[in-house]
Amino acid sequence: MTNDQIPKKMRLGSNEEDCYQRLQQQRRSLPIHPVRGRLIHEVQRHNSVIVIGETGSGKTTQIPQYLYEAGLHRNAVIAVTQPRRVAAITISKRVAQEKKTELGHLVGYCVRFEDVTSDSTKLKYMTDGMLLREAILDPLLKRYSIVILDEAHERTIHTDVLFGVVKAAQRQRAEQGLKQIKIVVMSATMDVDHFSKYFNNAPVLYLEGRQYPIQVYYSVEPQTDYLFASLVTLFQIHKKEPAQKDVLIFLTGQEEIESAVKSIRDIAREVMRAPNIVVCPLYSSLPSFSQLRVFQPTPEGCRKVVVATNIAETSVTIQGIKFVIDSGMVKAKVYNPNSGLDLLKVVRVAKDQALQRTGRAGRESPGICYRLYTENEFETFSNTTVPEIQRCNLASVVLQLMAMHITDVAGFDFMDKPSPEAVKKALEQLELLSAVEKGERYKLTPLGRQMAAFPLDPRLSKVILTAKDFHCLEEILTIVSVLSVDSVLYTPPNKREHAMAVRQKFISSDGDHITFLNIYRAYKSVNGNKQWCNENFIDVRNMKTAQEVRRQLKEICERQELPIQSCGRDTVPIRKCLTAGYFMSAAELQREGEYVTLSTRKVVSIHPSSVLFRCRPGYVLYNELTQTSKCYMRDLCVVDADWLYETAPNYFRNKKPGR
DNA sequence: GAGCACTGC
């Protein structure tokens with residue numbers, strides 16, 4: 001569970017003991033409390049236990065405490081993993097309060113950039129990605145006696161890999177006569193048998209939730225225009241229902257949401273007598289101060305209408321939602337491993353996702369959900385969302401598994417295996433980067449082991465490790481950091497021309513990477529001044545993250561004793577490093593003025609957001625291909641044909657760039 | 001001359 005279980009406001013009275021007693025009272029009233037004894041008994045008796053609990057059962061905060069209080073931690077650490085940072089942080093804070101201890105002592109959390117634990121920490125809340133990182137250093141997870149994998153139904157790529165890693169650790173520890181490790185998997189209702197079977201027929205414990213009943217209404221006819229249908233539904237609700245009952249509408253993306261918000265405001269003002277609707281858009285790229293608007297209390301006599309992406313399914317919980325309108329659509333990234341092509345597509349949600357959306361109407365009282373599709377249509381939806389591990393590039397995961405001495409990745413005990421083609425593709429990519437070698441079977445190289453230490457796409461790790469040969473790690477660290485966060489450029493659609501003109505001064509004719517370097521240098525020279533960022537249309541939030549990433553990467557470099565040197569104003573060494581990581585993503589200018597990729601001779605174009613748009617360099621490297629109206633290359637770097645040959649002679653033997 | 005679901009190390 002996320003921040004849902006934390007009471008709206010802890011009443012911290014003057015009497016601390018009073019407050020503590022109240023907390024203990026709350027603990028005892030949770031639906032999980034009567035099951036305490038059975039839970040402890042099951043965990044004592046079995047190596048693995050599955051806990052199925054709906055929202056509000058209290059499992060995330062209570063189960064780790066029960067196991068600890070019963071002494072099952074055996075003086076080692078209980079890890080509780082979460083897919084999201086905020087959840088790990090807020091839940092650990094709550095548990096520390098309940099245990100009446102300071103955060104970081106008995107109870108702590110560990111997420112990227114932040115480790116609030118100590119030697120005395122026994123209950124450790126962490127992101128699943130964090131535990132996976134630890135497993136690279138210690139595949140047997142020896143410091144833990146119990147690993148609790150929470151929100152397992154979300155099937156993030158990290159959780160899925162952890163399933164296999166923790167299960168293997170359990171078996172190997174038993175084989176080696178080491179202390180045993182217990183596994184507790186906590187999930188919402190879907191796929192119970194699947195989980196139990198995978199964990200050696202683990203017993204399943206069912207918990208009651210604290211969800212209020214929700215009335216679900218389907219469309220009578222299939223809708224051709226869900227955007228229009230959502231507006232009609234909203235105003236039907238608005239006409240007949242008392243104000244104060246707020247509405248949450250699920251749509252697919254920024255543009256659609258902004259247009260819906262505008263329509264709602266226009267209709268409310270011009271058509272309805274009293275414009276008593278407060279409309280809030282909500283999507284992740286919305287600046288944080290605008291996001292906070294959804295949490296502000298609705299003025300007297302008004303109705304709040306939140307128009308959101310799937311961010312409101314799990315990551316953000318809004319109080320007071322009584323009605324949910326579900327378009328049944330979601331924007332999903334579709335990745336094609338063969339072409340390396342990314343595209344965002346609007347697709348149908350799965351049944352579990354529709355259920356999750358519906359649940360948002362019944363958090364505090366009974367609610368109503370309007371589904372903008374028919375019941376027959378709903379029956380055709382797939383049961384669950386395809387696990388992430390089956391729909392993305394696996395290079396990074398394969399490298400991590402190999403660093404844990406798992407050489408046969410295709411044969412690894414995944415709960416749901418990725419396709420053999422996707423694993424093969426990942427191994428081929430790692431081989432091109434010299435991270436693995438192919439003998440009788442694939443084997444990690446010393447370079448590959450070094451690469452695995454970086455929390456990055458393997459291509460970017462390769463760029464970093466190449467920098468020592470070109471004496472430009474200082475610059476490479478900056479570029480890699482900026483590339484691995486969301487865009488540091490902030491371009492509001494109505495001020496596009498102005499933003500482009502202001503940022504002209506940063507542009508390098510060598511491409512986007514060097515332009516990013518110039519921007520970061522300028523940002524540092526003004527000490528991250530916020531006004532400067534606003535004037536130059538630089539996204540402060542993402543720039544700060546890039547700075548933190550850089551600090552972390554620098555630390556890893558120092559641990560590997562890589563010399564952090566600067567190449568000054570010369571960009572050639574930098575671009576040669578980039579070539580070492582991205583030579584397989586190169587494109588060549590043709591006589592007709594178009595570009596083709598060297599890997600598959602696919603016709604591609606320079607994306608208009610690139611500083612190289614309207615330039616015609618002979619050879620470029622690109623970071624990604626996006627298919628929209630055309631196939632576009634994004635984030636480009638100008639290179640020399642000779643560098644491609646020098647970097648990967650075998651790869652280019654038959655591709656003949658420039659010859 | 002264009003389009004940005006959502007997480008995470």
Side-chain angles (χ1 to χ4, degrees), chain A residues 2 81-88 110-115 126-137 151 154-162 250-258 282-286 308-316 327 329-335 342-349 353 356 385 387-389 391-392 396-397 399-400 403 452-458 460-461 481 484-487 489-493 496-497 500 539 542 545 548-549 552-553 555-556 605-610 612-614 624 626-635:
Chain A
T2 49
T81 69
Q82 295 292 323
R84 282 170 293 280
R85 292 166 57 95
V86 264
C110 186
V111 297
R112 191 180 191 181
F113 310 132
E114 249 187 299
D115 181 359
M126 60 206 298
T127 44
D128 45 17
M130 204 71 212
L131 186 59
L132 203 55
R133 278 272 138 210
E134 284 188 15
I136 295 178
L137 300 172
E151 308 286 15
E154 288 191 26
R155 305 293 304 274
T156 70
I157 192 160
H158 290 150
T159 307
D160 263 30
V161 178
L162 271 179
F250 282 103
L251 295 179
T252 67
Q254 175 175 344
E255 201 181 292
E256 189 176 271
I257 287 171
E258 290 297 352
L282 182 64
Y283 45 87
S284 86
S285 60
L286 198 68
T309 59
N310 36 348
I311 193 174
E313 278 169 20
T314 48
S315 304
V316 177
S327 63
M329 308 303 278
V330 66
K331 210 177 262 189
K333 197 170 203 160
V334 181
Y335 174 71
D342 265 346
L343 72 140
L344 272 173
K345 242 173 113 177
V346 173
V347 295
R348 276 296 188 197
V349 295
Q353 213 173 352
Q356 180 69 28
T385 318
E388 197 183 356
I389 199 159
R391 51 187 169 88
C392 63
S396 183
V397 161
L399 183 66
Q400 281 176 41
F454 292 91
L456 292 170
D457 182 290
L460 289 173
S461 314
S481 303
S484 63
V485 300
D486 289 338
S487 177
L489 307 180
Y490 169 65
T491 316
R496 186 187 298 157
E497 305 289 308
M500 300 286 247
D539 187 307
N542 293 338
T545 314
E548 284 202 277
V549 171
Q552 185 189 29
L553 297 178
E555 246 178 60
I556 300 170
S605 308
I606 297 179
H607 194 274
S609 68
S610 170
L612 294 180
F613 186 69
R614 287 205 182 130
E624 61 172 5
T626 323
Q627 174 80 57
T628 50
S629 56
K630 274 177 168 180
C631 188
Y632 286 109
M633 304 180 277
R634 301 192 72 144
D635 293 335

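Lettering follows sequence order; numbering is per chain, from 1.
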Is it the case that the side chain of A:D539 and the backbone of A:N542 share a donor-acceptor pair, with hydrogens and angles ignored and the cut-off at 3.5 Å? yes
Any sub-3.5 Å donor-acceptor pair from A:E258's side-chain atoms to A:Q254's backbone N or O?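 No, the answer is negative, given that no donor and acceptor are paired below the 3.5 Å cut-off.
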Choosing from [options], which nucleotide comes nearest the side chain of [X]?
X: A:K331; options: B:dC4, B:dC9, B:dC6; answer: B:dC4
X: A:H158; options: B:dT7, B:dC9, B:dA5; answer: B:dC9
X: A:T309; options: B:dC9, B:dA5, B:dA2; answer: B:dA5
X: A:Q254; options: B:dC6, B:dA5, B:dC9; answer: B:dA5
X: A:S315; options: B:dG8, B:dA2, B:dT7; answer: B:dT7
X: A:P608; options: B:dA2, B:dT7, B:dG8; answer: B:dA2

Of all the heavy-atom pairs spanning [X] and [Y], show the shortest one and how long it is.
X: A:R133; Y: A:P455; value: NH2-CA, 3.5 Å
X: A:A403; Y: A:A452; value: CB-CB, 3.7 Å
X: A:I606; Y: A:F613; value: O-CD1, 3.5 Å
X: A:S327; Y: A:F250; value: OG-O, 2.7 Å

To the nearest Å, how far apart are [X] [atom1] and [N] [atom2]?
X: A:Y632; N: B:dG1; atom1: OH; atom2: P; value: 9 Å
X: A:E624; N: B:dC4; atom1: CD; atom2: C1'; value: 10 Å
X: A:E255; N: B:dC4; atom1: CD; atom2: P; value: 8 Å
X: A:L251; N: B:dC4; atom1: CG; atom2: P; value: 16 Å
X: A:I157; N: B:dA5; atom1: CD1; atom2: C1'; value: 17 Å
X: A:M500; N: B:dA2; atom1: CE; atom2: P; value: 12 Å
X: A:L286; N: B:dC6; atom1: CG; atom2: C1'; value: 15 Å
X: A:Y283; N: B:dT7; atom1: OH; atom2: P; value: 14 Å

NA contact type, [X], heavy-atom cut-off 4.0 Å: base, sugar-phosphate, or nothing?
X: A:R85; result: sugar-phosphate
X: A:F454; result: nothing
X: A:V111; result: sugar-phosphate
X: A:T156; result: nothing
X: A:S629; result: sugar-phosphate

If anything within 90° of 0 is syn and all else is anti, what is B:dC6? anti
Is A:S285 close enough to B:dC4 that one of its side-chain N or O atoms is under 4.0 Å from OP1 or OP2 there?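 No, A:S285 has no side-chain N/O under 4.0 Å of OP1/OP2 on B:dC4.
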A:R84 side chain near B:dC6 phosphate (N/O to OP1/OP2, under 4.0 Å):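 No, no such contact exists.
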For DNA chain B, whose closest nucleotide is more 5', that of A:T491 or that of A:I311?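 That would be A:T491.
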